[in-house]
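Report on one structure; see the data block that follows.
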Amino acid sequence: MVILRIFAVFNYNQVQYCSMRIEDIITGALSRFFAEKSLPQPEQSLIQLQKTRKEFEGDITLVVFPFIRLMKSSPAETGEKIGSYLKKLPEIHDFNVIKGFLNLVVESSYWNLFVNESSADSNYGFSPHSPKETFLVEFSSPNTNKPLHLGHIRNNLLGHSISKILEANGKIVKKVNLVNDRGIHICKTMLAWQKWGNNTTPSDAGMKGDHFVGELYVKFEKAYRKEVDELVKNGMDPDVARREASLIKEAQEMLRKWEAGDPGVNDLWKRMNGWVYEGFDVTYRRLGVSFDKIYYESQTYHMGKAIVEEGLKKSVLRKKDDGSVWIDLTHKGLDEKLLLRSDGTSVYITQDLGTAVMRQNDYHADKMYYVVGNEQDYHFRVLSLILGEMGYEWAGSLEHISYGMVELPSGKMKSREGKVVDADNLIDEMIETAGKLSSELGKLDGLTREEKESIINTIGMGALKYFILKVDPRKNMIFNPEESIDFNGNTGPFIQYTHARIRSLLKKAELSGIVPERKNQIDFRLSDKETGLAAILHEFPQAVSEAGANCSPAIIANLIYELAREYNQFYHDHPVLKEENIRRRDFRLFLSVLTGDVIRRGMDLLGIAVPERM
RNA sequence: GGUUCCGUAGCUCAGUUGGAUAGAGCAACAGCCUUCUAAGCUGUGGGUCCCAGGUUCGAAUCCUGGCGGAAUCACCA
């Protein structure tokens, strides 16, 4: 930290700020080119700049195909003409044309200036805050009848990371959680505890509260299934059996009592939820996620019911003869949707209506994001449609960030069958593996136990988090418990290691009394690895904004990985402290400073910490 | 059955306003530590981008139709 600051403030005065980015310089020149030729200005979308592929010489490539019509010349000719015009720019060193591609070699001085400026900018790549826009991000949203599993880990990490990314894009972000603390599933666990719990508590059992309650849930489901099977064996229709089994009847009766405010049921409910929250808090802390506000379904479903009443008055909703309330969405290509059961109890979507209104009243947010699995795509379509039908003008600001399921090689995880990858177990395993690897490699010898534990924790969690977040959120992903999560290659620890290397290098520089200077005049040309590294760093701001626009941490993860890989190659090929040309050495130091900084801040957007050494 | 999403190397994944000879990692094999951290670097092998048409200078990407998989369409959440 200290070193970074020294490097950052050094020669602050000499640094010119707000230099134009090369893309803008080229676009501007292109515009002048067409004006000088008295040709019509090409539309912005025709100007396609991309990174030059590795096998060709150059840094930035202009695709010239779109211009051949405007200029009425062949691709090669067009490329030559534009290329020689652009070469007059001080930022363009050279060019070559291959097929319809104009490859531009950017002047080393441009990259040097870029590295000088960016490495002195502690906010490089992020947008300044615009207090106008407030975004709400709902994530986690656990049920209180079972502990968190790998699917919840994905949800929590995505929600946390997306919140950070939106903040980096200048939004004000409020993270909210909606706890599904009421409903038939909780009644099942309460019933199980009454029947088989023997009045024990999690501490009696020596378990985390959420695990303790989760076992009761599984116990209920097993007993319930057994009862249904027996009824079926005695000749009952399976559907009828599922409805008529005494266990489910009892659970439903309990739900009715709960909604009626029965004190005994309520006390037990509070007690058991309390156990679960204690357990969740531990897991949240380990994952490093937190919330600005926690909503409880038990508090929002009243509002939901009130909205249903209002909808009935407005005749947007319709009550059937049996007392159940529905909305007809057939004109939108969907079905009829139930909003209240015939016994007057509310369903899942009822409380979501209430929650949405309550939140809008609380925050008046410009957007309300819901990080919820893609199995609920239909639910959220219906939710915003209903709010729209009911006349809430902000209904359009709801957005479902729909992410894919985490599946096992055998298929979907099923809590009811106990076929899940438990979050706490997985975290334990990751940290254990990190510890084993660290001691095998002897990396942490000579550190105190606290330091070791902290670093091992950082690495284990880094491996887990990166493993989840590098995948496009929208896609389903497969986790194979038989194969442990890697610590080499495209992984969190690889990136963390790169950071540790850089920090170690900079520390060494400081200890050797090296104080680099930012010089905007240089007397050398950059190597391929140096420009390659600078070019990836140059892409960081765009990655941040794209990640924000697409709510995709994977975009950040992929860029940071590419950056780390490139740095390791650079590090392997080039001496830094031993470089004899002082200006070159200083450039490499600032390149390292910037790389370390972008890795640290990029990983922070993923909610992953990076160690000073490992 | 209707709707939505997905299909890229043995495995896990990038490749998203249509751009060059489709890329990484893992796994396998072969190298590189007296030198700023080898959790690293270098190399080899590995592809019908599910199939078939269409759109155009150009398609893994867009359109249509198939095939395969997943989710959803509950008085479950």
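Within every chain, numbering begins at 1; the chains are lettered A, B, ... in the order of the sequence lines, protein sequences first and strands thereafter.
Of the candidates B:rG40, B:rA77, B:rU12, B:rU12 carries the atom nearest the A:I478 side chain, counting heavy atoms from C-beta on. For A:H572, taking side-chain heavy atoms from C-beta onward, the closest of the listed nucleotides B:rC41, B:rC26, B:rU37 is B:rC41. When each of B:rG19, B:rU72, B:rC73 is scored by its nearest atom to the side-chain atoms of A:Q48, the top-ranked nucleotide is B:rG19.
With 3.5 Å as the limit, one finds no donor-acceptor pair spanning the side chains of A:T491 and A:D486. Between the side chains of A:D352 and A:H379, at least one donor N or O sits under 3.5 Å from an acceptor N or O. Side-chain contact check for A:N490 and A:R565: no donor-acceptor pair (N or O, by modelled atom type) lies under 3.5 Å.
Under the Watson-Crick or G-U wobble criterion, with both distances below 3.5 Å, B:rG19 is paired with B:rC57. The pairing partner recorded for B:rU72 is B:rG2, the criterion being a Watson-Crick or G-U wobble arrangement whose two distances lie under 3.5 angstrom. As the counterpart of B:rU44, B:rA28 is assigned, both hydrogen-bonding distances of the Watson-Crick or G-U wobble pattern falling under 3.5 Å. Across all strands shown, B:rC36 forms no Watson-Crick or G-U wobble pair with both distances under 3.5 Å.
Toward the 5' end of RNA chain B, the nearer of the two residues A:E483 and A:L49, judged by each one's closest nucleotide, is A:E483. RNA chain B is contacted by both A:I455 and A:R69; A:I455 maps to the nucleotide lying nearer its 5′ end (nearest heavy atom per residue).
Using a cutoff of 4.0 Å between basic side-chain nitrogens and carboxylate oxygens, A:R256 and A:E253 are scored as salt-bridged.
Listed for the A:R588 side chain is no donor-acceptor partner under 3.5 Å among the backbone atoms of A:Y571. The backbone N or O of A:S527 lies less than 3.5 Å from a partner atom in the side chain of A:E530, making a donor-acceptor pair.
From A:H574, atom NE2 reaches atom CG of A:L533 across 9.0 Å, with rounding to the nearest 0.5 Å.
Within the 4.0 angstrom heavy-atom criterion, only backbone atoms of the sugar-phosphate kind lie near A:I184; the bases stay farther away. When heavy atoms are screened at a 4.0 angstrom cut-off, A:Y571 is found touching base atoms of the nucleic acid. Backbone-only contact: A:Y378 has heavy atoms under 4.0 Å from sugar-phosphate atoms and none from a base. Counting any heavy atom pair closer than 4.0 Å across all strands shown, A:V576 reaches a base atom. Residue-level contact check: A:M614 touches the bases, meaning some heavy atom is under 4.0 Å from a base atom. The residue A:R613 sits close to a base: some heavy atom pair falls under 4.0 Å. A:Y348 comes within 4.0 angstrom of a nucleotide base, judged by non-hydrogen atoms across all strands.
When the P atom of B:rC73 is taken as reference, atom CG of A:L338 falls 13 Å away, rounded to whole Å. Straight-line distance from the CD1 atom of A:I456 to the C1' atom of B:rA39: 13 Å, rounded to whole Å. Taking atom CD1 of A:I536 as the reference point, atom P of B:rA24 lies 12 Å away to the nearest angstrom. Between A:I459 atom CD1 and B:rA39 atom P there is a gap of 11 Å when expressed in whole angstrom units.
Taking only distance into account, the side chain of A:T491 never meets the base of B:rA39 through a donor-acceptor pair shorter than 3.5 Å. Taking 3.5 Å as the limit, the base of B:rA38 and the side chain of A:N488 contain no donor-acceptor pair of atoms between them. Between the side chain of A:R474 and the base of B:rU16, at least one donor-acceptor pair of N or O atoms lies under 3.5 Å. Put simply, the side chain of A:K443 and the base of B:rU37 share a donor and an acceptor less than 3.5 Å apart.
B:rU21 and B:rC67 are spaced 33 Å apart, taking the P atom of each and rounding to whole Å. Spacing between B:rC13 and B:rC57 at atom P, rounded to whole Å, works out to 38 Å. Taking atom C1' on both B:rC49 and B:rC6, the two are 14 Å apart, rounded to the nearest angstrom. To the nearest whole angstrom, the two P atoms, one in B:rA20 and one in B:rU61, are 13 Å apart. Atom C1' of B:rC29 sits at a distance of 47 Å from the matching atom of B:rU72, rounded to the whole Å. The separation of B:rG54 from B:rG45, taken at their P atoms, amounts to 35 Å, rounded to a whole angstrom. For the C1' atoms, the distance linking B:rG40 with B:rU4 amounts to 44 Å, nearest Å.
At the phosphate of B:rC13, neither OP1 nor OP2 sits under 4.0 Å from any side-chain N or O atom of A:N558. An OP1 or OP2 oxygen of B:rA14 is reached within less than 4.0 angstrom by a side-chain nitrogen or oxygen of A:K475.
The aromatic rings of A:F65 and A:F101 lie perpendicular to each other, with more than 60° between the two planes, well past the 30° mark.
Contacts between residues 53-63 of chain A and RNA chain B, defined by a heavy-atom separation under 4.0 Å, are made by A:R53, A:F56, A:T61, A:V63.
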